[in-house]
Amino acid sequence: MNIMRLAGLAVALVVSLLFAVFVGDQGPWYFAWVVGTVMIILIAGAGAILLDAQDEQALEREI
């Protein structure tokens, strides 16, 4: 399992380096765009999970 994790990290490193080489001077803008997009997706997912948990609690209280 550790070899798979190491291989995954190695692939992520290579992709990150290639991305940095190809975008050049616009790298910070693309980095901020990617990080912002990921954060929006994670926050939306967390909100959906919290809403689902609240709905389950409301149903348990009614029963």
Side-chain angles (χ1 to χ4, degrees):
M1 188 65 178
N2 287 336
I3 292 174
M4 294 298 288
R5 182 180 295 167
L6 184 62
L9 290 173
V11 168
L13 176 66
V14 169
V15 169
S16 298
L17 289 173
L18 289 174
F19 182 74
V21 168
F22 287 132
V23 297
D25 289 340
Q26 294 181 346
W29 187 88
Y30 284 112
F31 176 75
W33 181 76
V34 168
V35 169
T37 302
V38 170
M39 288 299 297
I40 289 170
I41 291 169
L42 290 174
I43 290 169
I49 291 170
L50 289 173
L51 180 63
D52 189 44
Q54 287 177 351
D55 287 344
E56 286 180 8
Q57 283 183 350
L59 287 175
E60 287 176 1
R61 288 182 187 159
E62 291 176 1
I63 295 177

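- Chaining together hydrophobic side chains whose heavy atoms lie under 4.5 Å apart leaves Met4 on its own.
- With rounding to the nearest 0.5 angstrom, the CG atom of Asp52 is 10.5 Å from the CD atom of Gln57.
- One distance of note links CD of Glu60 with CG of Asp55; it measures 11.5 Å at 0.5 Å rounding.
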Under 3.5 Å, side-chain donor or acceptor atoms of residues 13-39 against the rest of the protein: list the pairs with distances, not counting sequence neighbours.
{"from": "Ser16", "atom 1": "OG", "to": "Ala12", "atom 2": "O", "distance (Å)": "2.8"}
{"from": "Thr37", "atom 1": "OG1", "to": "Trp33", "atom 2": "O", "distance (Å)": "2.8"}

